[in-house]
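This report concerns only the one structure given below.
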Amino acid sequence: MMSKKPRKTGPRAASRAASRKSPLAATKRPPPPSERDTTERIARALEAIATHLSAASPTSDAADSFGRADAFVWHPHGRLAPVPRVSRVDLGLLKGIDRMRDILIENTERFADGLPANNALLWGARGMGKSSLVKAAHANINVNRKPADRLKLIEIHREDIESLPDLMDMLRSSDFHFIVFCDDLSFDGNDASYKSLKAVLEGGIEGRPDNVILYATSNRRHLLPRDMIENERSTAINPGEAVEEKVSLSDRFGLWLGFHRCSQDEYLAMVKGYCGHFGIKLAEEELEREALEWSTTRGSRSGRVAWQFTQELAGRLGVRLSGK
């Protein structure tokens, strides 16, 4: 009698056995999420959408925020950051620029009163108080004004000029009047962002809002270096039109204020004005000698050099420059 062969239990037999299992077991899926998990996921998704929409449309409460400060810094994507304390110099301390000061103050005051006024380009020598004058004029205009009538100052950085139309849209519907200020404005190379500024100054269908004026400072009268203008002339199909396109940007500022290097007497007057204001006491002859020596080492005379010397002198004599 032949004995039974033992049943194979190797890997092949095991796989055949597994294949005979219920198809439900082979295709078993994880249990559906609970109702609570679904609700939480929906809530998180809605919160993310709301956050995105809030960031994309920050102008909803802009009108309310304008009353919280007199100065702001504009950032791309529509954010205005209030500046509680502006770094500025008192108007009376700005020496050697009396004519430019009077013209800018008069223009700014007319604008703040709702009368016609010009955009202003303050150009010329470095350190002669161009940006200081803009900030001082803004503060001077607001001295005796009611909160609802106060003039607002908004600084826009040179690299953010392309977002200027977005800022105009935000300010257009406000009851306040605004100075939009760009310090050290200039354009180089193939930078085409100047077209955004040009459109706001006079071009475009909407144009500049009636409650906005633009003040800019630059070391260049035409906002472009001479070699770039010459290059445009030599490579363009129509050289005259190419140069006109660049130069016309400056022409759109109705008010040009030129700042030139100060004389020795004006420089010393600046130093003495600072020292008198902050209570820095030093014999006049010694003060003049040290101030002139300081300017010689710096290679220039300007309001900025006078202020830097004042800081050096005050630190050496232990005087705190409070109230700046």
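The first residue of the sequence shown is numbered 1, and numbering continues consecutively from there.
Salt bridge status for Glu106 with Arg110: present, with a side-chain N to carboxylate O gap under 4.0 Å. Salt bridge status for Arg145 with Asp113: present, with a side-chain N to carboxylate O gap under 4.0 Å.
The line from OG1 of Thr310 to CH2 of Trp294 is 10.0 Å long, rounded to the nearest 0.5 Å. A distance of 9.5 Å separates CD in Glu155 from NE2 in His75, rounded to the nearest 0.5 Å.
Within the 4.5 Å cutoff, side-chain heavy atoms of Cys182 are placed close to those of Ile161. A heavy-atom distance below 4.5 Å is found between the side chains of Leu321 and Ile280. Side-chain contact between Met100 and Met128 is absent, with no heavy-atom pair separated by less than 4.5 Å. The side-chain heavy atoms of Leu287 and Leu313, taken from C-beta on, include a pair separated by under 4.5 Å. Contact of the Asp160 side chain with the Leu167 side chain is not registered, since no non-hydrogen atoms from C-beta on lie closer than 4.5 Å. Val73 is listed as a side-chain neighbour of His157, based on a closest heavy-atom distance under 4.5 Å. Side-chain contact between Leu171 and Phe66: present, with at least one pair of heavy atoms (C-beta onward) separated by less than 4.5 Å.
Checked by atom type and distance alone, the side chain of Asn107 pairs as donor or acceptor with a backbone atom of Asn118 at under 3.5 Å. In terms of modelled atom types and a separation under 3.5 Å, the side chain of Lys135 and the main chain of Ser87 share a donor-acceptor contact. Side chain of Lys152 to backbone of Val180: no donor-acceptor contact under 3.5 angstrom is found. Without hydrogens or angle criteria, Asp70 side chain to Arg150 main chain gives no donor-acceptor distance under 3.5 Å. Asp166 places no side-chain N or O within donor-acceptor distance of the main-chain N or O of His77, the cut-off being under 3.5 Å. Proximity of a side-chain donor or acceptor of Thr217 to a complementary backbone N or O of Asp184 within less than 3.5 Å is detected. Distance alone, capped at 3.5 Å, is enough to place a donor-acceptor pair between the Asn142 side chain and the Leu151 backbone.
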Glu266 and Arg301: CA distance, side-chain angles, deciding distance, salt bridge (Lys or Arg N to Asp or Glu O under 4.0 Å) verdict: CA-CA 9 Å; Glu266 289 171 335; Arg301 292 189 297 263; over 6 Å; no

